[in-house]
Amino acid sequence: NKKTMTVDVYPDPDDPQILWVVIEDLYPCITIHIDFEIWNTGTVPWIVQSVDIYDYGGFPGTVTVTPPDLIGTQVEPDECIIADLEIHITNEAEENCCYMFDVYIDVVQWNEYVPP
């Protein structure tokens, strides 16, 4: 009885700067890529201040958000940038298990950006 791995990405209904990622029925030692768009729906340019990954404990792998120069990128109103989540699941993962993490992309008004 072979199962299919599923990867679901949901925007947080209360905070549009957070993506919830749920991986179910995963297989050890696999890499997944998820492309997504970050839109400026406001009226003022903003800049990506930081990108943080919050793990719910025991996530067996790494998560990288690219492009690497995403932090510091300015986005004008009604424009977007395209990013990629690279998720690598290591051999320590339990087969057919469910793992969750959040990706928090903090954006600030262009004049409030603090370079790292």
Side-chain angles (χ1 to χ4, degrees):
N1 217 7
K2 187 174 182 179
K3 292 186 177 183
T4 302
M5 182 178 73
T6 59
V7 179
D8 293 311
V9 179
Y10 306 97
D12 183 308
D14 298 322
D15 188 342
Q17 296 184 135
I18 298 175
L19 291 175
W20 297 337
V21 179
V22 179
I23 304 171
E24 296 182 275
D25 299 322
L26 62 82
Y27 297 96
C29 201
I30 189 170
T31 299
I32 305 158
H33 287 271
I34 301 170
D35 291 332
F36 63 99
E37 298 175 343
I38 307 169
W39 280 90
N40 182 344
T41 58
T43 58
V44 176
W46 52 248
I47 296 177
V48 177
Q49 180 67 59
S50 63
V51 177
D52 295 299
I53 309 299
Y54 295 100
D55 176 0
Y56 289 98
F59 181 73
T62 58
V63 180
T64 307
V65 179
T66 57
D69 58 353
L70 185 64
I71 295 173
T73 300
Q74 181 168 315
V75 180
E76 300 297 323
D78 296 321
E79 292 186 2
C80 75
I81 51 178
I82 297 173
D84 175 68
L85 279 179
E86 180 179 287
I87 305 164
H88 177 71
I89 308 297
T90 65
N91 280 331
E92 288 75 33
E94 292 183 41
E95 212 170 305
N96 301 320
C97 213
C98 178
Y99 292 100
M100 298 170 32
F101 61 88
D102 293 343
V103 178
Y104 178 64
I105 301 169
D106 185 28
V107 300
V108 295
Q109 278 188 196
W110 68 272
N111 59 336
E112 295 177 355
Y113 175 68
V114 178

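Since this is a predicted model, take the numbers as computed values, not measurements. The figures here come from the full heavy-atom set of this structure, side chains too, leaving out hydrogens, waters and symmetry mates.
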(request) For side chain to side chain contact (heavy atoms under 4.5 Å, CB included), just list the numbers for Trp39 and Val75, CA-CA rounded to whole Å, side-chain angles, deciding distance to a tenth of an Å, and then say yes or no. (result) CA-CA 8 Å; Trp39 280 90; Val75 180; over 6 Å; no

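Between Ala83 and Pro67 the shortest heavy-atom distance is CA-CD, 4.2 Å. Here the closest heavy-atom approach between residue Pro77 and residue Val44 is recorded as CG-N, 3.7 Å.
Other residues, nucleotides and ligands contribute more than 12 heavy atoms inside 6.0 Å of the CG atom of Asp35.
Evaluation of the side chain to side chain donor-acceptor pair (under 3.5 Å) rule for Thr66 yields no partner, not counting sequence neighbours. Residues meeting the side-chain contact (heavy atoms from CB on, under 4.5 Å) test with Ile30, sequence neighbours left out: Met5, Ile89. With sequence neighbours excluded, no residue satisfies side chain to side chain donor-acceptor pair (under 3.5 Å) with Glu94. Scanning for side chain to side chain donor-acceptor pair (under 3.5 Å) contacts around Glu76 gives Gln74, with sequence neighbours left out. The side chain to side chain donor-acceptor pair (under 3.5 Å) search around Glu24 returns none, not counting sequence neighbours.
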Name the atoms and distances for all side-chain donor-acceptor pairs under 3.5 Å in residues 109-116, with sequence neighbours left out.
residue	atom	partner	partner atom	Å
Gln109	NE2	Asn111	OD1	3.2

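From Ile82, atom CD1 reaches atom CG of Leu70 across 12.0 Å, with rounding to the nearest 0.5 Å. Taking CD1 from Ile32 and CD from Glu86, the interatomic distance works out to 10.5 Å, rounded to the nearest 0.5 Å. For the atom pair CD1 of Ile38 and OG1 of Thr73, the computed distance is 8.5 Å after rounding to the nearest 0.5 Å. With rounding to the nearest 0.5 Å, the separation of OG1 in Thr6 from CG in Asp25 is 6.0 Å. Rounding to the nearest 0.5 Å places CG of Asp102 at 7.5 Å from CG of Asp12.
Contact annotation: the side chain of Ile105 approaches that of Phe36 to within less than 4.5 Å [non-hydrogen atoms, C-beta and beyond]. Residues Val65 and Val103 form a side-chain contact, since some pair of their non-hydrogen atoms from C-beta on lies under 4.5 Å apart. Side-chain contact between Ile81 and Val48 is present, with heavy atoms from C-beta onward closer than 4.5 Å.
Contacts classified as ring-ring contact (aromatic ring centres under 6.0 Å, His included) and involving residues 80-100 (residues at least two apart or in different chains) are not found. Counting only residues at least two apart or in different chains, side-chain hydrogen bond (donor to acceptor under 3.5 Å, both in side chains) contacts with residues 40-52 comprise Asn40-Trp46.
Connection of Val63 to Val9 is established within a shared hydrophobic cluster, with ILVMFWY side chains joined at heavy-atom distances below 4.5 Å, either directly or through further cluster members.
Other cluster members for Tyr10: Ile18, Trp20, Val22, Tyr54, Tyr56, Met100, Tyr104, joined by side-chain heavy-atom distances under 4.5 Å among Ile, Leu, Val, Met, Phe, Trp and Tyr.
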